[in-house]
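First comes the structure, then the notes that go with it.
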Amino acid sequence: MATLPIVQYEDKIIETVENNSITVIIGETGSGKSTQLSQMLHRRGYSKIAVTQPRRVAAVSVSRRVAQELGVQLGEEVGYAIRFEDRTSHNTRIKYLTDGVLLRESLADPELNDYSVIILDEAHERSLNTDILMGLMKRLVKHRSSNLKVLITSATLDGDKVSKFFRDCPVLNIPGKLYPVEVLYSKERPVSYLDAALKTALGIGFADIHVRQPEGDILIFMTGQEDIEKLVSKLEDKVRALDEGSCMDAIIIPLHGSLPPELQASISLLFFYKFIRFLETSKDSVLLHGFGKKMTEVRVFSPPPPDCRRIIVATNIAETSLTVDGVVYVIDSGYVKQRQYNPSSRMYSLDVVQISKVQANQRAGRAGRTRPGKCYRLYPSQIYHDEFLDVTVPEIQRSSLAGSVLYLKSLDLPDIDILKFDFLDSPSSESLQDALKQLYLIDAIDENGAITSIGRKMAELPLEPSLSRTLMEANNYGCITEALTVAAMLSTESALLPGKSKTEEKRKRPISDLPDGSGLGDHIQLLQIYERWHQTDYDIGWCKDHGLQRYGVAGGHCSPSTASHIGGAAKAVTMTDKKTANSGAAWSGYERHLKNLEIPVRGMMFARDVQPLDIKANGKGEEFRRDYRNLRKALCVGYANQLSERKMHHNGYRTLGLQGQVVQVHPSSALSSDEHGKFPDYVVYHELIATPRPFMRNVCSVEMKWVIPIINKLNTLNVKKLSGGGMDHVEEESERNIPDLPKKNVEVAASVDDSESRIQAARERFLARKANKVEKEGIVEVKKENNVNKTP
DNA sequence: GAGCACTGC
């Protein structure tokens, strides 16, 4: 350990921390900051130190390392806390935790008095949670009664900005321990960076590593699965075409998030001694569990044979999350795929964007971990210097902020206006207003922007606001079990997802095998699929037979039933139930959680008692299809901010509460049309995605009478009031697409909830007026009809 | 009739 560069700086670091409440540490990769800073401060006598990490694996692996260095048992003096897992005790003095966990802790104790030091590690990655924590830390050092020391670690390019944010706090530079990496630029930007990468690795391009350079693996950064697969097959062709004996052999390895987790894990385990021994001793091919299929890509596991070079083609997963040892050459396309949120249309899109300088340097650094390396940038240096942003656009400027704003509101920070919250990089006022409007529509804040009792309870649930609102409403309607399953299916990576079935497979297995959501939409379908799977006692074979994918959970060592309900309940359970050993425990944990919130639980059942099916008997020997009325009603309340109305003459929809956004039901949806080929008049949707055509993904059919109170609310929405005067330039709202229901009709409809006929009458008047309006406004809309999504 | 960067409570 004595060789770590940071050790020489110990005195300087301690001195700076003692004299300042906030210190910025610029520590390059390999400086040892993640493992050493906490130990130094511990030695100095600070009572309890928290170190946040943006990723779970990092929290676990770094804490394990520190426990080892200190010769203590993990979970005692040194421990970690991540979702579902708290390995700390009352003895714990150094605690590694994800930034999200620290945010949750601060909900229980806003002053975080348990800690004398808080270190926000990897702050340059600008994760949403770390950004919020930075704002909170700035307040906390000023307001907290007991002494608090805060350390922020960041990248070179970001240090001054962070220091300025924290009132010119001191910045310490700690050199890294990477080997030098020579950076080579191409003369101009290639027409096709796929071909350029190919040439650089194997061809006769501006460099050709494989034939001319000494041994060492090559890591190529591409944007996505499709490009990776194309490049892999081209590389394989080329390698095969190389003259035997003219150069060393090469194996090509794709690496991206959609690969089975087992395959990914194998990469990081590749050089794990035991594992290699295991492979050497078992001559048989390795059988991967999970899909029950024999993987042919055993080569991924094998260490490269002598005189063989690995070429790894990866997404940015290899930038931070996965480290592949043995890499000496990096080829950087200069691009990354990023998910962006547009608050004015509430749409997400996945765009290929130029990386930042920090990212480019991070990628280059991957070449210098074991010995001096080379990084080939497929773009000119002038583009790097002039066009690349210094730092990645922070997540807070690319996401919907409803959840974060609700969280901040629930903290009840004195004398703080959420819209003036001091962020290192503020989100746009448009984005904050969007969050407020959404929260108002789902009753989390009142018309003056103050958090409601419903909102307070929602904030306690670690779910996106729409889903936490749905759960609360479902509890009132006695369908909490079902709602929980839906929430879990939508919010977990371990959900059962309809896999991409090739046309071939489709013919073999008629879709009718799978529940169809009773035609009511995707939420219902997800519920039915889960229930069906539950009936098979969580049989993996059943998933396989139905073309469903079950993604692994937290390291992949869960039994199917835990997986399902970790996927299921536990996601919604928060930390109340720390040892989610089985689904029953998770559900009772959730029940406890609701009780803590003083929400009486009605109709609660354990997962194993779940009975409801899409077909039910009525006791007279007849069967009828369930209409999931209560669940859909709850979804309608929860998704009041994500509601669409069908257009008059076709199956296109218009979002309500937004400026006339025209969207379609996603073709993969389970929603079915009526006998006239029409979709339901109203649906709620889980998200809008802006592919070339805008789609609603995951929709659920809802009824007119449930929608009326929402339309009412939209009519009274006043952003100025919601912002509590915090916005200086709030534009007058003109929500042109709010249906213009006359007050009288609304009142009638709303007060006589059960009078179907009167509601029907109101609806007919409304639709008639709408038709009239369409005629007056012109033919544009009618013309569109031909293009639009007609259901068979 | 279309498309899956990566995290996290």
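Order of the sequence lines sets the chain letters (A, B, ...), proteins ahead of strands, with each chain counted from 1. In this text the structure is predicted, and so the values were computed from the model without any measurement.
Regarding contacts with the backbone of dG3(B), every side-chain N or O of S668(A) stays at 4.0 angstrom or more from both OP1 and OP2. A sub-4.0 Å separation between OP1 or OP2 of dC9(B) and a side-chain N or O of T98(A) is present. OP1 and OP2 of dG8(B) both lie 4.0 Å or more from every side-chain N or O belonging to R55(A). In this structure, T691(A) does not reach the dA2(B) phosphate: none of its side-chain N or O atoms is under 4.0 Å from OP1 or OP2.
Distance CZ (R83(A)) to P (dG8(B)): 11 Å, rounded to an integer number of Å. Whole-Å rounding puts the L102(A) CG to dG8(B) P distance at 16 Å. Counting to the nearest Å, the P atom of dA5(B) and the CG atom of L322(A) are 15 Å from each other. Between L350(A) atom CG and dT7(B) atom C1' there is a gap of 14 Å when expressed in whole angstrom units. If you take CZ of R697(A) and P of dG1(B), they are 19 Å apart, rounded to a whole angstrom.
Using a 4.0 Å heavy-atom distance criterion, T320(A) is classed as making no nucleic acid contact. Nucleic acid contact class of R339(A) (heavy atoms, under 4.0 Å, all strands): base.
With dC9(B), dA2(B), dC6(B) as the candidates, the nucleotide lying closest to the side chain of H256(A) is dC6(B).
In this structure, the side chain to side chain contact (heavy atoms under 4.5 Å, CB included) partners of P394(A), at least two apart in sequence or on a different chain, are R126(A), D131(A), I396(A), Q397(A), D425(A). For T88(A), the side chain to side chain contact (heavy atoms under 4.5 Å, CB included) partners at least two apart in sequence or on another chain are D86(A), T92(A), K95(A).
Of all the heavy atoms in Y653(A) and L671(A), the pair that sits closest is OH-CD2, 4.3 Å.
Base orientation of dC4(B): syn, since the glycosidic angle falls within 90° of 0.
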Check step by step if side chain to side chain donor-acceptor pair (under 3.5 Å) holds for D351(A) and Q338(A).
-> CA-CA 5 Å; D351(A) 308 320; Q338(A) 242 177 25; over 6 Å; no
